[in-house]
Asker: 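Could you have a look at this structure, given as C-alpha cells, before my questions?
Keep in mind that this is a model prediction, so the values were computed, not measured.
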Amino acid sequence: MTPSICVFATLKSGDSGTSLDIPAASFILDDGNHTTALPKLSSGNSYYHVFNNGVFQPPIVYTVTKGFLTILISS
C-alpha cells in the first residue's frame, strides 16, 4: 500500500476564545494553489499531523472537517 501525502500550510493569528476555526480555503497546497476542502481520511490507517509554529499538536487539541480545521484553545 502506497501512502497518500498532502501538505497544507496557512498563517492565522489574533483570534481569542475557546477555539480557532481555520477555513479550508485558507490552506495552500505544496504546488502553491489554495484548496477548497480538507481531505477525508480513510478509516483504519490514516491520520493528520498538525503543527502550530513548528510544534506537533496531539489529536486531542484539534478537529478536522471538510471545511475547517478547528484548534481548541485552553482558557
Asker: Does I28 reach the side chain of N33, with side-chain heavy atoms less than 4.5 Å apart?
Answerer: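 No. Closest side-chain heavy atoms not under 4.5 Å.
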
Asker: Does the side chain of T70 come within less than 4.5 Å of L20's, by heavy atoms?
Answerer: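 Contact flag for L20/T70 side chains = no.
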
Asker: Does the H34 side chain pair with the main chain of A25, one donor and one acceptor, at a distance under 3.5 Å?
Answerer: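 Answer holds: yes.
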
Asker: Please report the closest heavy-atom contact between A37 and A24, naming both atoms and the distance.
Answerer: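 Closest approach of A37 to A24, heavy atoms only: CA-CB, 3.8 Å.
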
Asker: Please check if I60 and Y62 belong to a single hydrophobic cluster, counting links between Ile, Leu, Val, Met, Phe, Trp and Tyr side chain heavy atoms closer than 4.5 Å.
Answerer: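 Yes, because I60 and Y62 connect within a single hydrophobic cluster, where side-chain heavy atoms sit under 4.5 Å apart.
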
Asker: Check whether any side-chain heavy atom of I22 lies under 4.5 Å from a side-chain heavy atom of I71, and answer yes or no.
Answerer: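 In contact.
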
Asker: Hey, are the side chains of F27 and L38 touching, using non-hydrogen atoms and a 4.5 Å cut-off?
Answerer: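 In contact.
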
Asker: Any idea how H49 and Y47 line up, ring-wise: parallel (<30°), tilted (30 to 60°), or perpendicular (>60°)?
Answerer: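 Geometry flag for Y47 against H49: tilted rings.
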
Asker: To the nearest 0.5 Å, how far apart are OH in Y48 and CG in L69?
Answerer: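 CG of L69 is found 9.0 Å from OH of Y48.
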
Asker: Heavy-atom count check: over 12 atoms from other residues, nucleotides or ligands less than 6.0 Å from F56 CZ?
Answerer: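 Count over threshold, so yes.
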
